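Here the structure is a predicted model, which means the values were calculated and not measured. We number each residue from 1, following the sequence as shown.
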Amino acid sequence: MTSAVRAEAPAVPPSRRPALSAQDGALLLVSLIWGANFAVMKLALDHLPPLAFSALRFASATAVLWAIVWWREGPARLPKGALWPLLWLGVVGNTLYQLGFILGLARSTATNTALIIAGVPAVVAVLGSLLGIEGTTARQRWGIALGIAGVALVVLAKGRLRLGAGTLGGDLFTFGAMLCWSCYTLGLRSLPEGITPLRVTAWTMLTGTPGLVLVGLPELTHLAWGAVPLTAWA
């Protein structure tokens, strides 16, 4: 009788809550890195001019990234029609974005810069919907709005937001950077299949870094290398 009752008992439905995937964890890690990025770069900009800093950072990062690509994936030919999209994505997503970001951060506060950059998800959602690249659900739109409202609430509650003539130029640079990164994010959808995310990142770094080095050359040639402390290099 006991066994019969157990056999007839309804099975407990499995939980429908989606498990946290590796991709979700990676995106959370990116959010933490980006959040710390504003304050850390402010420390470096106390000792390095902004354009020289960007040139050094991206030149060294590109070399390291391509070494990782060759180690992990080896040489590979690009799919047909991929070179030009990678070129303009590198210019928009690295050259122009980084120039706007670093000049904005140097001329404004880390808090202002972080708040403006936080508008990227909303701009991507709006542009993606208008251009027919990617639609959004009502739940996603509410999530984006709540996320931006949360950032603004934290900043305003701490009284760290500073808007005025003293930061206006920097804030405009950052706003331009935010638009560039939004276009870069959407532009990734135009790439043909057959390129790994790691190789896409390496190629856009490679195509975006020469412009940063070129713009940073005047500051690099006048930089007092011996006066830069280890904290700034770190």
Side-chain angles (χ1 to χ4, degrees), residues 30 33-71 75 78 83-117 120 162 164-185 187-188 198-234:
V30 169
I33 293 172
W34 273 29
N37 198 31
F38 302 99
V40 171
M41 289 179 64
K42 262 298 189 183
L43 293 175
L45 291 177
D46 289 338
H47 307 283
L48 286 166
L51 299 181
F53 174 65
S54 288
L56 290 170
R57 190 165 69 103
F58 269 75
S60 57
T62 300
V64 172
L65 187 58
W66 270 102
I68 296 174
V69 170
W70 279 78
W71 171 56
L78 287 175
L83 182 58
W84 284 111
L86 288 170
L87 176 62
W88 77 259
L89 283 171
V91 171
V92 173
N94 285 321
T95 308
L96 297 181
Y97 168 76
Q98 285 298 327
L99 287 175
F101 174 71
I102 199 68
L103 292 174
L105 186 62
R107 289 165 170 77
S108 186
T109 65
T111 300
N112 284 21
T113 305
L115 183 59
I116 295 171
I117 294 296
V120 166
R162 298 288 184 270
T167 63
L168 180 60
D171 294 337
L172 289 176
F173 272 117
T174 306
F175 184 78
M178 183 263 291
L179 293 179
C180 287
W181 190 257
S182 300
C183 293
Y184 170 81
T185 303
L188 291 173
L198 180 60
R199 196 172 292 272
V200 168
T201 306
W203 268 104
T204 53
M205 288 280 285
L206 182 64
T207 56
T209 296
L212 293 173
V213 174
L214 183 64
V215 174
L217 276 178
E219 291 185 354
L220 288 171
T221 55
H222 295 90
L223 182 62
W225 298 92
V228 181
L230 291 177
T231 53
W233 289 114

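- Taken from NE2 in His222 to CG in Leu217, the straight-line distance is 11.5 Å, to the nearest 0.5 Å.
- Using a 4.5 Å cut-off on side-chain heavy atoms (C-beta onward), Leu115 and Thr174 make no contact.
- Residues Phe53 and Val228 fail the side-chain proximity criterion, which asks for heavy atoms closer than 4.5 Å.
- Between the side chain of Thr207 and the backbone N or O of Trp203, at least one donor-acceptor pair lies under 3.5 Å.
- Minimum heavy-atom separation, Met178 to Ile116: CG-O, 3.6 Å.
- Side-chain contact check for Thr231 versus Leu43: every heavy-atom pair is 4.5 Å or farther apart.
- Using a 4.5 Å heavy-atom cutoff, the side chains of Leu96 and Trp181 are not in contact.
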Next on the checklist: With side-chain contact (heavy atoms from CB on, under 4.5 Å) as the criterion, how do Trp225 and Leu220 come out once you've worked through the C-alpha distance, each side chain's angles and the decisive distance to 0.1 Å?
Outcome noted: CA-CA 9 Å; Trp225 298 92; Leu220 288 171; 4.0 Å; yes
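- Between Leu223 and Pro49 the shortest heavy-atom distance is CD1-CD, 3.7 Å.
- Two rings, from Trp71 and Trp66, have their centers 6.0 Å or more apart.
- Checked by atom type and distance alone, the side chain of Thr209 never pairs as donor or acceptor with a backbone atom of Leu206 at under 3.5 Å.
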Checklist entry - Yes or no on side-chain contact (heavy atoms from CB on, under 4.5 Å) for Met41 and Ile102, after CA distance, side-chain angles and deciding distance? => result CA-CA 9 Å; Met41 289 179 64; Ile102 199 68; 3.2 Å; yes
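- Of all heavy-atom pairs spanning Gln98 and Ser54, the tightest one is O-OG, 4.4 Å.
- Atom OG1 of Thr185 and atom OH of Tyr97 lie 9.5 Å apart (nearest 0.5 Å).
- Using a 4.5 Å heavy-atom threshold, the side chains of Trp233 and Leu56 count as touching.
- The shortest non-hydrogen separation linking Ala44 to Ala232 is CB-O, 4.2 Å.
- A donor-acceptor distance shorter than 3.5 angstrom exists from the side chain of Thr204 to the backbone of Thr201, with no hydrogens or angles considered.
- Lys42 approaches Leu105 most closely through the heavy-atom pair NZ-O, 2.8 Å.
- Side-chain contact between Leu51 and Leu99: present, with at least one pair of heavy atoms (C-beta onward) separated by less than 4.5 Å.
- Heavy-atom minimum distance, Asn94 versus Phe58: OD1-CE2, 3.6 Å.
- Under the 3.5 Å distance criterion, the side-chain polar atoms of Thr95 are matched with a main-chain donor or acceptor of Gly208.
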